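Quick note on labels: first sequence line is chain A, next is B, and so on, each numbered from 1. Because the structure is predicted, anything quoted here is derived from the model rather than measured.
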Amino acid sequence: ETGVTQSPTHLIKTRGQQVTLRCSSQSGHNTVSWYQQALGQGPQFIFQYYREEENGRGNFPPRFSGLQFPNYSSELNVNALELDDSALYLCASSSGQGKDTGELFFGEGSRLTVL
Amino acid sequence: GQSLEQPSEVTAVEGAIVQINCTYQTSGFYGLSWYQQHDGGAPTFLSYNALDGLEETGRFSSFLSRSDSYGYLLLQELQMKDSASYFCAVRSSNYQLIWGAGTKLIIKP
């Protein structure tokens, strides 16, 4: 158990809809990053939040957006869903952006299916 | 572009030793991490190398050569529970981890 919890665990949406995924970080961790993992692939970095500010973003379009709250929990929002957005969405928390040890603590993920 | 290469699948026998290689090409490099992921589960951290050399943690060891842009994960005394996918990942900046596609480790009794 990493102490990182994500909700919902599974969800099904239709193309064009919007979705919000939630993540509670491990106690004491001020950094949250989000990853998209397609079946049989490695995770792809979406963005990172550090102390409520987005401080890094991967190669994802603006319809992927997020928030981090004062308690360091976070949301990932995806608008105008496309079929290719079907994936496992992973949230990871760390302290100090995980720079010193390279260690991220992952939640179990939210599996999104877009029909 | 930025990429990490690792074998897609490795097969080994219970009790044996296996090595999973990773080569990388990234615009920046802070360190190389290894993660384990069981089917349907979350990635779990195994090791991190920021400097050249070997890091040992129990049955697992990880090696890095920055001049060769190469690293490996060594698993000893394989157990059936080690059957999983193993990912190498490079921290290329203050915030970004770039991941390989993963190596599926199959262990036979």
Side-chain angles (χ1 to χ4, degrees), chain A residues 1-6 9-10 23-26 29-51 53-60 66 68 87-111, chain B residues 1-9 20 22-24 26-51 55 57 60 62-64 66 71 73 84-105:
Chain A
E1 291 292 329
T2 63
V4 179
T5 58
Q6 293 187 241
T9 55
H10 295 81
C23 172
S24 293
S25 58
Q26 186 179 107
H29 285 181
N30 54 20
T31 304
V32 171
S33 50
W34 286 91
Y35 290 82
Q36 180 195 66
Q37 186 176 24
L39 204 58
Q41 301 293 319
Q44 299 288 319
F45 174 74
I46 303 175
F47 44 57
Q48 176 174 286
Y49 280 83
Y50 173 63
R51 294 185 174 180
E53 296 285 332
E54 182 183 300
N55 72 337
R57 189 177 183 92
N59 190 27
F60 279 81
Q68 188 178 31
L88 180 68
Y89 287 85
L90 294 163
C91 166
S93 78
S94 59
S95 58
Q97 305 182 68
K99 287 184 292 186
D100 295 331
T101 66
E103 183 170 7
L104 300 181
F105 296 82
F106 283 88
E108 295 290 323
S110 294
R111 184 163 296 283
Chain B
Q2 306 195 88
S3 64
L4 282 78
E5 297 290 332
Q6 54 182 127
S8 59
E9 188 175 291
I20 300 174
C22 174
T23 57
Y24 58 88
T26 58
S27 56
F29 183 86
Y30 285 73
L32 179 69
S33 300
W34 288 91
Y35 284 80
Q36 178 193 61
Q37 187 178 33
H38 287 97
D39 283 347
T44 55
F45 174 80
L46 295 176
S47 68
Y48 179 69
N49 294 69
L51 302 175
E55 294 280 343
T57 309
F60 294 180
S62 58
F63 172 82
L64 174 66
R66 288 174 296 170
L73 179 69
S85 291
Y86 292 83
F87 293 88
C88 58
V90 165
R91 179 165 289 280
S92 64
S93 70
N94 280 345
Y95 55 83
Q96 185 165 357
L97 269 186
I98 300 171
W99 297 65
T103 298
K104 184 171 185 177
L105 174 61

Report the residues that fulfil side-chain contact (heavy atoms from CB on, under 4.5 Å) with B/R66, sequence neighbours left out, ordered by chain and then residue number. B/Y24, B/F29, B/L51, B/D52, B/L64
Of the backbone (N, CA, C, O) and the side chain (C-beta and beyond), which part of A/R57 lies under 4.5 Å from a heavy atom of chain B, both, or neither? backbone
Chain B contacts: which residues in residues 36-44 of chain A have a non-hydrogen atom closer than 4.5 Å to it? A/Q37, A/G40, A/Q41, A/G42, A/P43
For A/Y49, check ring pair (Phe, Tyr, Trp, His ring centres under 6.0 Å) against everything at least two apart and list the hits. A/F47
What pairs with B/T103 under side chain to side chain donor-acceptor pair (under 3.5 Å), at least two apart in sequence or on another chain? B/Q6
From A/F45 CZ over to B/S93 OG, what is the distance, rounded to the nearest 0.5 angstrom? 7.0 Å
What distance separates B/Q96 CD from A/N59 CG, expressed to the nearest 0.5 Å? 9.0 Å
Identify the heavy atoms of B/A42 and A/G107 that sit nearest to each other, and give their distance. CB-O, 3.0 Å
Closest non-hydrogen atom pair between A/Y35 and B/L97, with its separation: OH-CB, 3.3 Å
What residue in B/F87, B/W99, B/Y35 has the most heavy-atom pairs under 4.5 Å with chain A? B/W99
